[in-house]
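Heads up: numbering here begins at 1 and tracks the sequence. All heavy atoms count here, side chains included; hydrogens, waters and symmetry mates do not.
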Amino acid sequence: MKKIIILTSCILLQFFIACKNENKDQLPSLKKVNTLGRFSIKTEGNKIIFAPKHKNIDAPLLYRDDYSNFNFNGFYEIETDNHKTGYFRFGWINFKDSTTVMTRVNWFYDDPLLIDDFEEVTINTLHKPLNQKGNIKICTIGDSQTWWASASLLRQEIKALDSSYYFSGSNTDIYGYPHEGEGGNSTQDVLQRINKIPEADFYTLLIGTNDWKKDISKAEKNILEITNTILSKYPSSRVIYLTPLPTTNSKRDEFNQKLAKRIENSITKNPKFLKLPIGEKMRKNKDGFQSYLSKDGLHPNKKGVEFMAKEIVFFINQYMG
């Protein structure tokens, strides 16, 4: 009987180890690209806090694929001296009160790495191979409304609604999905990086709100040029113009609505240029469009992102019949 108990215990132990390894089945394919160095850090949920001695490191190379520094497209590994590891992407970084803090950290493979007090660790940049499945390729183009804060959920929400979608883009969100959103972008900024935008079956284009202090006719012209450039380069694709989200800034909101009307007049001339009136649909919400926005009155909150994802999936599925 004692032998049976020992044998059973061994079997259960092996089963537990096997399950643990299955949870990390992608780890062997991760390739170390660069070691960023030694850092003294502690962690709090989705935050990584750097010790004051590191001074200001809150200027990452943003969306550049440069493995020698922190950037929003990077995938990172933390190695502690007692052999604990953590794998993460981050969505924002701040320097305040002599301390650098990474926020909107998304941990991969395991629970968040817990470091209660400042501890010396090594941080590496890794190459994480992209593994997507689906048959409808979508590229989300825009500014922070498609990438920052709760908007980082957009692609994950689309995928959850319909697994046939997969994503393209030169940037990567904190969940690992490619995209073409860059915070603070104007229509001119998107034009300047237009050659980076890869092929897709459908492009969603949510851009223009950051032009609100500029010439509206220039914003209109830029949006049409973005669309024409994409459709000229990828003639079998479709561009879906998402009308600007409502905002609590009345002057900005007035600009957004006027811009949407201008673009609508041009959409009818091109069957590959489609319109999804996201902004107008949000305005019809019985609780008021503010319920879709974060406290800043500009960026979508989680409810807003879920609404956007549902509308995008429904629109494309209807279009495809």
| task | Verify the distance criterion only: is there a donor paired with an acceptor across the side chains of Asn256 and Thr209 at less than 3.5 Å? | result | yes

Salt bridge (charged side-chain N to carboxylate O under 4.0 Å, His left out) pairs touching residues 173-202, sequence neighbours excluded, are Arg155-Asp173, Glu180-Arg193, Glu182-Arg193, Glu182-Lys196

Hydrophobic cluster membership, Leu245 vs Ile207, 4.5 Å side-chain cutoff: no

>> For Asn82 and Thr80: C-alpha separation, side-chain torsions, deciding distance, then whether side chain to side chain donor-acceptor pair (under 3.5 Å) applies.
In response: CA-CA 5 Å; Asn82 59 352; Thr80 70; 2.4 Å; yes

- Considering only NZ, NE, NH1 and NH2 on the basic side and carboxylate oxygens on the acidic side, decide whether Lys302 and Glu306 come within less than 4.0 Å. yes

By ring pair (Phe, Tyr, Trp, His ring centres under 6.0 Å), Tyr177 pairs with (sequence neighbours left out) Phe167

Taken in chain and number order and not counting sequence neighbours, the residues that satisfy side chain to side chain donor-acceptor pair (under 3.5 Å) with Lys258 are Glu254

- Task: Report yes or no: does Asn34 contribute a side-chain atom to a donor-acceptor pair with the main-chain N or O of Leu36 at less than 3.5 Å?
- Result: no

Requested in this report: I would like to know whether Asn171 and Trp147 meet side-chain contact (heavy atoms from CB on, under 4.5 Å); could you show each step before the answer?
Outcome: CA-CA 10 Å; Asn171 296 320; Trp147 172 79; 5.9 Å; no

Exercise. Is there a side-chain contact between Thr140 and Leu154, using heavy atoms and a 4.5 Å cut-off?
Worked result: yes

For Leu298, the hydrophobic cluster (side chain heavy atoms closer than 4.5 Å, chained through members) also holds none

>> Count I, L, V, M, F, W, Y as connected when their side-chain heavy atoms are under 4.5 Å apart, and connections chain through other members. Are Ile240 and Ile267 then in the same cluster?
In response: no

Shortest non-hydrogen pair, Glu280 vs Ala260, comes out as OE2-CB, 4.2 Å

Original post:
Under a 4.5 Å cut-off applied to non-hydrogen side-chain atoms, are Phe202 and Met320 in contact?
Top reply: yes

For Phe314, the hydrophobic cluster (side chain heavy atoms closer than 4.5 Å, chained through members) also holds none

Nearest heavy-atom approach of Ile216 to Leu259 is CD1-N, 3.6 Å

Residues passing the ring pair (Phe, Tyr, Trp, His ring centres under 6.0 Å) test with Phe88, sequence neighbours excluded, are Tyr76, Trp107

Quiz prompt | Minimum side-chain heavy-atom gap Glu264-Lys275 below 4.5 Å | solution = yes

**Asked** Between Thr100 and Phe50, is there a donor-acceptor pair closer than 3.5 Å when you use the side chain of the first and the backbone of the second?
**Response** no

Here the salt bridge (charged side-chain N to carboxylate O under 4.0 Å, His left out) pairs for residues 312-321, sequence neighbours left out, are none

*asked:* Checking the side chain of Thr99 only, and the main-chain atoms of Asp97 only, is there a donor and an acceptor separated by less than 3.5 Å?
replied: yes

Between Ser150 and Pro300, the two heavy atoms sitting closest are CB-O, 3.5 Å

Exercise for review: Would you indicate whether the side-chain heavy atoms of Glu311 and Met282 approach each other to under 4.5 Å?
Suggested key: no

Shortest non-hydrogen pair, Leu206 vs Pro244, comes out as CD1-CA, 4.1 Å

With a 4.5 Å cut-off on side-chain heavy-atom distances among I, L, V, M, F, W and Y, is there a chain of contacts connecting Ile174 to Trp92?
no

- Taking the side chain as every heavy atom from C-beta outward, state whether Asn285 and Tyr292 have any atom pair closer than 4.5 Å. yes

So salt bridge (charged side-chain N to carboxylate O under 4.0 Å, His left out) across residues 214-236, not counting sequence neighbours, yields Glu220-Arg262

Tightest non-hydrogen contact, residues Leu293 and Asn301, listed as O-ND2, 3.0 Å

Looking at Lys303, I want to see if its NZ is surrounded by more than 12 non-hydrogen atoms of other residues, nucleotides or ligands under 6.0 Å.
yes

- Query: Does atom NZ of Lys137 have more than 12 heavy-atom neighbours, drawn from other residues, nucleotides or ligands, at distances under 6.0 Å?
  - Reply: yes

Are Thr229 and Ile197 packed together at the side-chain level, in the sense that at least one heavy-atom pair is separated by less than 4.5 angstrom? no

Short question: side chain of Lys159, backbone of Tyr165 - any donor-acceptor pair under 3.5 Å?
-> yes

Would Phe315 and Ile230 show up in the same hydrophobic cluster when neighbours are defined by side-chain heavy atoms closer than 4.5 Å?
no

Side chain of Asp162, backbone of Ser164: donor and acceptor closer than 3.5 Å? yes

Inset, instruction - Using a cut-off of 6.0 Å, state whether more than 12 heavy atoms not belonging to Lys84 lie near its atom NZ. - result: yes

Donor-acceptor pair between Arg238 and Tyr203 side chains, under 3.5 angstrom: no

Counting only N and O atoms by type, is there a donor-acceptor contact under 3.5 Å from the side chain of Asn106 to the main-chain atoms of Arg89? no

**Q.** Chi angles and distances behind the side-chain contact (heavy atoms from CB on, under 4.5 Å) call for Ile123, Glu77
**A.** CA-CA 6 Å; Ile123 300 183; Glu77 174 191 53; over 6 Å; no

Q.
Walk me through whether Ile138 and Thr204 qualify under side-chain contact (heavy atoms from CB on, under 4.5 Å).
A. CA-CA 8 Å; Ile138 182 171; Thr204 61; 4.0 Å; yes

Quiz prompt | Under 3.5 Å donor-acceptor, Thr227 side chain and Ile223 backbone | solution = yes

When every non-hydrogen atom of Leu130 is compared with those of Pro178, the smallest separation belongs to CD2-CG, 3.9 Å

> Under 3.5 Å, is there a donor-acceptor pair between the Thr247 and Asp253 side chains?
Replying inline: no

Margin query: Checking side-chain polar atoms at under 3.5 Å, does Asp296 have a donor or acceptor matched by the opposite partner on Ser294?
Written below: yes

Sequence neighbours excluded, the answer for ring pair (Phe, Tyr, Trp, His ring centres under 6.0 Å) partners of Tyr241 is none

Rounded to the nearest 0.5 Å, the CD atom of Gln145 sits from the CD1 atom of Ile278 at a distance of 11.0 Å

Quiz item: Is there side-chain contact between Thr103 and Asn94, with heavy atoms separated by less than 4.5 Å?
Solution: yes

Hydrogens and angles aside, do Arg38 and Thr122 bring a side-chain donor and acceptor to less than 3.5 Å of each other? yes

The side chain to side chain donor-acceptor pair (under 3.5 Å) partners of Asn46 (sequence neighbours excluded) come to none

| task | Treat each ILVMFWY residue as a node, draw an edge where side-chain heavy atoms are under 4.5 Å apart, and state whether Ile78 and Val105 are in one component. | result | yes

Donor-acceptor contact present, side-chain Lys32 to main-chain Thr125, <3.5 Å
no

Worksheet entry | Ser144 versus His299, side-chain donor and acceptor atoms under 3.5 Å | yes

**Report entry** Between Thr187 and Asp211: side-chain donor-acceptor atoms closer than 3.5 Å
**Finding:** yes

Please confirm whether the backbone N or O of Asn185 pairs with a side-chain atom of Asn210, one donor and one acceptor, at under 3.5 Å?
yes

Within a strict 4.5 Å, meaning less than it, do heavy atoms of the Val121 and Asp81 side chains meet?
no

Residues at least two apart in sequence or cross-chain that pass ring pair (Phe, Tyr, Trp, His ring centres under 6.0 Å) with His54, listed by chain then number, are Phe39

Would you be so kind as to tabulate the donor-acceptor pairs closer than 3.5 Å made by side chains of residues 113-120, with sequence neighbours excluded?
from, atom 1, to, atom 2, distance (Å)
Glu120, OE2, Lys53, NZ, 2.7

Worksheet item: For the residue pair Tyr87 and Tyr109, does the interplanar ring angle fall in the parallel (under 30°), tilted (30 to 60°) or perpendicular (over 60°) class?
Response: perpendicular

